[in-house]
*Asks:* 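Dropping a structure here in structure tokens format, bear with me for questions.
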Amino acid sequence: MLLESQNSSRTAAPAQNGHPTPKTTLPLTSRVLKKHPANPVLYPGKFPEGVMYVFNPGAIRYQDEYIIIADAATYAQPVVFWIARSKDGVHFTPDPAPLNWPPAHPDHPEDCVYDPRITKIGDEYIIVYASSSETAGVRVGIVKTRDFKTFERISIASEQGNRNGVLFPEKINGLYARLDRPFGDANDTCGVWVSYSPDLIYWGRSRPVLHPRPGLWDGLKVGAGAVPIKTEQGWLEIYHGVTNTGAGLIYRLGVCLLDLEDPSRVIARGEDAILWPELPYEMVGRVGNVVFTCNALVDADRNVRIYYGAADTCIGLAEGKLDDLLDACHRRNPLLLHTPSL
Ligand code: BMA
């Protein structure tokens, strides 16, 4: 279903019950992203029998195809990675079997993998993902491929209690750089961090980047989403934010701009979400009220495609313009009475 843009205007209500009047009256702007009419573009019924849910794909252009690597929950294993390929980016054909994942690293008894982010560096495609073990926790794993047929392990690249690892598409000041989300202390408010590595094995110089913003749509948790996009304004990062409600968590997507030389410096952060669960396939499923991304693909005309997991059950496609996403980083919410810190 294609969603219409919202062009209606919103008028500030007069002060009531002692609450202050919102500070501005502004038109509601158009949606930054449009959901594709063919959504969900991938769902379990397109996969071989035994696949119960497909979601949260990494995505990339490879030769003349779009390739996605999706989380697939199957009868046999909790979650495995499964490739689907497409010429037009809308109609995908899944491979007949899960991808041929390398054996677990000797240091970590991986028994489940999820949320892959694919970064092209030179001729190699580096996959950074959550490597999970029932006995040893969740860690950031790194695997590479050149052809999407054979895969080779590089490292287990964090201590336990870290995921949402995303590799930048080029070195920064001579080092590989990644965003990730250490869980940190018990109250789980750490947010997104950046770390650096000379070799994709040893990581350090870790610094915080984004924190949750209490009271906003990303007030409970934030995690890195897409592989950062290099722009003239800075690194554009599409991330997920979580808020809590009486009926449970809601996962939405938002945007921020990070400094090209020092991505721990946030240049701008949009106050509104750019994608949120609102349609039945996003609100109902294995985990309802979730939109979640691991990718954003930009073409030569600055069009952006985002394949997103919906309710941890199926995969949608959202499309927009790079320049609108950049504008969204600077957008203020007219009803907010204070400016939240970055
Ligand atoms: C996160 C990850 C994602 C998942 C999301 C909503 O913590 O586990 O894979 O989509 O929760 O369930």
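Ligands are counted one by one from 1 in listed order, and the atoms in each one are counted from 1 as well. Please read all numbers here as calculations on a predicted model, not as lab measurements.
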*Asks:* Judged by modelled atom types alone, do His330 and Glu271 share a side-chain donor-acceptor pair under 3.5 Å?
*Replies:* no
*Asks:* Answer side chain, backbone, both or neither: which part of Asn56 comes under 4.0 Å from ligand 1, heavy atoms only.
*Replies:*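 The answer is the side chain of Asn56.
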*Asks:* Does the side chain of Glu282 come under 3.5 Å of the side chain of Tyr251 through a donor N or O and an acceptor N or O?
*Replies:*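 No.
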*Asks:* Is it the case that Arg178 places NZ or CZ above or below the six-membered ring of Trp203, under 6.0 angstrom from the centre and within 45 degrees of the axis?
*Replies:* yes
*Asks:* Would you tell me whether Ser133 and Glu110 have side-chain atoms, one donor and one acceptor, within less than 3.5 Å of each other?
*Replies:* no
*Asks:* Looking only at protein heavy atoms, which one is nearest to atom 8 (O) of ligand 1, and what is the separation?
*Replies:*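 The answer is Tyr114 CE1, 3.9 Å.
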*Asks:* Ring centres under 6.0 Å, that's the criterion: do Trp217 and Tyr239 meet it?
*Replies:* yes
*Asks:* Just grab all the ring pair (Phe, Tyr, Trp, His ring centres under 6.0 Å) pairs involving residues 141-174, residues at least two apart or on different chains.
*Replies:*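 Sorted pair list: Tyr62-Phe148, Tyr125-Phe148, Phe168-Trp235.
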*Asks:* Looking only at the side chains, is there a donor atom on one of Tyr129 and Arg163 sitting less than 3.5 Å from an acceptor on the other?
*Replies:* no
*Asks:* Starting from atom 9 (O) of ligand 1, what is the nearest protein heavy atom, named by residue and atom, and what distance separates them?
*Replies:* Asp115 OD2, 2.8 Å
*Asks:* Among all protein heavy atoms, pick the one closest to atom 11 (O) of ligand 1 and tell me residue, atom and distance.
*Replies:* Tyr251 OH, 3.1 Å
*Asks:* Considering heavy atoms of the protein only, find what lies nearest to atom 6 (C) of ligand 1 and give residue, atom and distance to 0.1 Å.
*Replies:* Asp312 OD2, 3.5 Å
*Asks:* Is Arg286 near ligand 1, meaning one of its heavy atoms is under 4.0 Å from it?
*Replies:*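 No, Arg286 has no heavy atoms under 4.0 Å from ligand 1.
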*Asks:* Near Val287, which atoms of ligand 1 are under 4.0 Å from a heavy atom of that residue?
*Replies:* 12 (O)
*Asks:* Show the atoms of ligand 1 that are less than 4.0 angstrom away from any heavy atom in Arg163.
*Replies:*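 The atoms of ligand 1 under 4.0 Å from a heavy atom of Arg163 are 7 (O).
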*Asks:* Please say whether Asp71 places an N or O atom under 3.5 Å from an N or O atom belonging to ligand 1.
*Replies:*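 So ligand 1 has no N or O lying under 3.5 Å from an N or O of Asp71.
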